[in-house]
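Because only heavy atoms are used, hydrogens play no part in the values below, and waters and symmetry mates are left out as well, while side chains stay in.
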Amino acid sequence: MAPKVFMVAEKPSIALSIASVLSAGRMSTRKGSTDVHEFDGMFRGAHSHFKVTSVIGHVFSVDFPPAYQNWEVTDPMDLFEAPVLKSECNPKAHIRRHLSLEARGCTYLVLWLDCDREGENICYEVIECSGIHETEAGRRIFRAKFSSVTEKDICNAMDNLLVPNKDEALSVDARQEIDLKVGVAFTRFQTRYFQGKYGNLDSRVISYGPCQTPTLGFCVQRAMQITTFKPEKFWSLNPFIMKDGYEVQLDWDRRKVFDSEVATMFQKMVTDDGTLKVTDISTKEECKPRPSGLNTVNMLKVASSALGLGPQMAMQLAERLYTQGFISYPRTESTTYPASFDFTSALSIQQNHPIWGNYVKALLADGYHKPRQGHDAGDHPPITPMRSATEDTLGNDAWRLYQFICQHFIGSVSPDCRYMRTAIEFTAGGEVFHCTGHHVTAKGFTSIMPWMSVSEKSLPQFKQGEKIKILKVDLYEGSTTPPDYLSESELISLMEKNGIGTDASIPVHINNICERNYVQVNSGRRLVPTALGTTLIKGYQCIDADLCLPDIRSFIEQQITLIAKGEADHVHVVQHVLQQFMNKYSYFVKMIENMDALFEAQFSPLADSGRLLSKCGKCTRYMKYISTQPTRLYCTTCEEVYNLPQNGTIKLYKELACPLDGFELLLFSMAGPDGKSFPLCPFCYNSPPFEGIDKLFSALKLERNPGKVGKGAGMPCFLCPHPTCRHSMITQGVCACPECSGTLILDPVSAPKWRLYCNMCNCLVSLPQGAHRISTTSEKCSNCESTIIEVDFNKKTTPLQDGATLHKGCILCDELLHSLIEMKHGKSFSMRRGRGGRGRGRGRGSSRGRGRGGSARGDPKMSFRDF
């Protein structure tokens, strides 16, 4: 029996490229959690059957066990010594199960993950999921190393399989654990402390991050330099002469002086002299060298400063260009090409390009120059174009980035730019002046990279010792100006210089401080700190400046690099770093009043904010609605804060009270014409009404807030499975959503355009329009176990015989009701007897029976139709 080879890539598109190349296009493809491509071929000298599939980035994410998830009962200090566990990033994708099933019966595992530390970490996640392990009988696990998804690179990687690097994988584990524990501990403490005191804090979670906070620190430091800057007047001398019909302005060697009387004295001396004498003429050829190879950091800097693309967007575009095969791997620290790199082939790909093809042909004919020697980080070659493309192929933003990558690569193998520099020196009244001219003799690489060209500046002909009459001597008065706010490009340079983040994570850290409203991106992509961002950094500085300085993070990155090289034990590094931060956290908590004094000066007390809205179920007094982000309710009597859902409008819901706790219900409406509206109890939303609810909905919260460090998503009524509350999902739910594992809920305020909405996705179902009233009942359909609804039709438009208006039935099985519904934002589905289709599983609330959100079993003729 032929051995089976299981090959796993990091993305579906790369898996497709690998399978297409290795099978020469002769493969079969079937659907799964990710596509699986199969073909036959040779492996290690034997006829083998290949299966190629992929993950979607990391299979697992690192988090705390459920016992440590509750903000209210867990002391953040305990998180430093808490265990961590790895759980599937997206349980709905079923990647773990997919890998396990596809790996069954396979002899070999070949890992085609991205070739960086994160990729090595994912390698071991795949190994764990696949169940394939090394044996004494022979090697079974292999690692493919590649820098692009071209046929040449894929075949070369297949012919030179290596082994995965455990040390690099462990370095990622170490960074993840450190960042999780430190970030969450500080974040939880800060958020709970400050959001319970101030009403106009414009951030739902006041986060701390070992990389994020020093990144913010750079922005605030520049802003403080601007606000504390004191302008100073200066004066500069500029003589003018006329030569060969050209008026020439000369520059003063002193440049500027800061005393007006001294400046006036120099002006008088030069004016009294009246003539300038040429004391020196120098002409020499100078060279502007071609660039070295392009690495990630330099690409991001140019994308921001020249293309107007933020680092996060630029990285996403680069990833897309890579997975489509247009460029090599975009995450690299190296600016030096390996000695074996085939420049001729890389250039030949571009010789027929409509824009720069002729330039490339001339370069190949005349002979290219190897790029300047740069930095060799030992990872990937510099970013290089691998396929020719046009704007029509890629679209505007991706094209602009691709165009720059191509021009940079072509420029890096072009000749240097050469020019003649002429400098003329003059004297008058004892002062020295000069002018400089440039004449380009060979454009070199600047022909393809015009933004780096040398400006031509012609000068009249001067002779040594020549005396020229002065036309006038201007005395310019100016003032020193502060530096501008940091640009993204400058921030990236500072982060690289200080070891904050990696080429892959730098865009993430910059994006985080923007998303969390610590800085705002102004024109020119300059980063202006907000009041919250500035106050946070000033607070850290007055308690423990190390918390916002780059030194500690730089040290951590050095230790992580040692782990990756096998020179340090990852357990010892993690323990040592966490012990440092435990001490800092303990001191931070003791001294928090120092930071609080800064917040007090900047933000309004919670009691002075907001307007009266709804009654508290504990004291029956009215609570205040804080409308500034993040929106909250605050009871001034109980001194309790209740979080609310964001990005919508809040109002009272018919002055109804929650039957469980007496709090007045609110109605939250999302933005947009199809926005959902749902009731919620402020107390239930923050404290779900029975034990086990957090565990039951932990996967849902992760889905609704992916990658967020903060409090849970909250429990609105449409997600609450309470069995008796008449506002819960159990009583208002009608049937399972056809598109996901959610439940279709009756919108309580949608009259007269009655509808159902899914509590998980954007599926909407229009119910009979113009009805006086539609409500759910306690009855279930005998066919599909969906909830029976009661419709009170309008007398003038009733579809019922004899003018009747009241009708009860199931929207799936009752032919009349089913004919009157329409589905929006979803796909059609049909009900098949005995089994549920896609999305018709038991849904949310399945642990309490199959009635609400249960699988719908009914007549095949009943189906939603595409809308």
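Residues satisfying the side-chain contact (heavy atoms from CB on, under 4.5 Å) test with Glu168, not counting sequence neighbours, are Arg117, Glu120, Asn165, Ala564. Evaluation of the ring pair (Phe, Tyr, Trp, His ring centres under 6.0 Å) rule for Tyr587 yields no partner, not counting sequence neighbours. Residues that satisfy the salt bridge (Lys or Arg N to Asp or Glu O under 4.0 Å) test with Asp484, not counting sequence neighbours, are Arg526. Residues passing the salt bridge (Lys or Arg N to Asp or Glu O under 4.0 Å) test with Lys624: none are found, sequence neighbours excluded. Taking Asp179 as the reference, Arg553 meet the salt bridge (Lys or Arg N to Asp or Glu O under 4.0 Å) condition, with sequence neighbours excluded. Contacts of Glu333 classified as salt bridge (Lys or Arg N to Asp or Glu O under 4.0 Å), with partners at least two apart in sequence or in another chain: none. Legend: residues meeting side-chain contact (heavy atoms from CB on, under 4.5 Å) with Val302, ordered by chain and number and at least two apart, are Ala306, Phe404. Under the ring pair (Phe, Tyr, Trp, His ring centres under 6.0 Å) criterion, Phe194 pairs with Phe599, sequence neighbours left out. Listed by chain and number, the residues in a side-chain contact (heavy atoms from CB on, under 4.5 Å) with Thr502 are Arg175, Ala504, Ser505, Glu557 (sequence neighbours excluded). Residues satisfying the ring pair (Phe, Tyr, Trp, His ring centres under 6.0 Å) test with Phe668, not counting sequence neighbours, are Phe678. For Ile552, the side-chain contact (heavy atoms from CB on, under 4.5 Å) partners two or more places apart in sequence, or in a different chain, are Asp546, Ile556, Phe581, Lys584.
For residues 291-308, the set of pairs meeting the side-chain hydrogen bond (donor to acceptor under 3.5 Å, both in side chains) definition, not counting sequence neighbours, comprises Asn295-Asn298, Lys301-Ser493, Ser304-Glu488.
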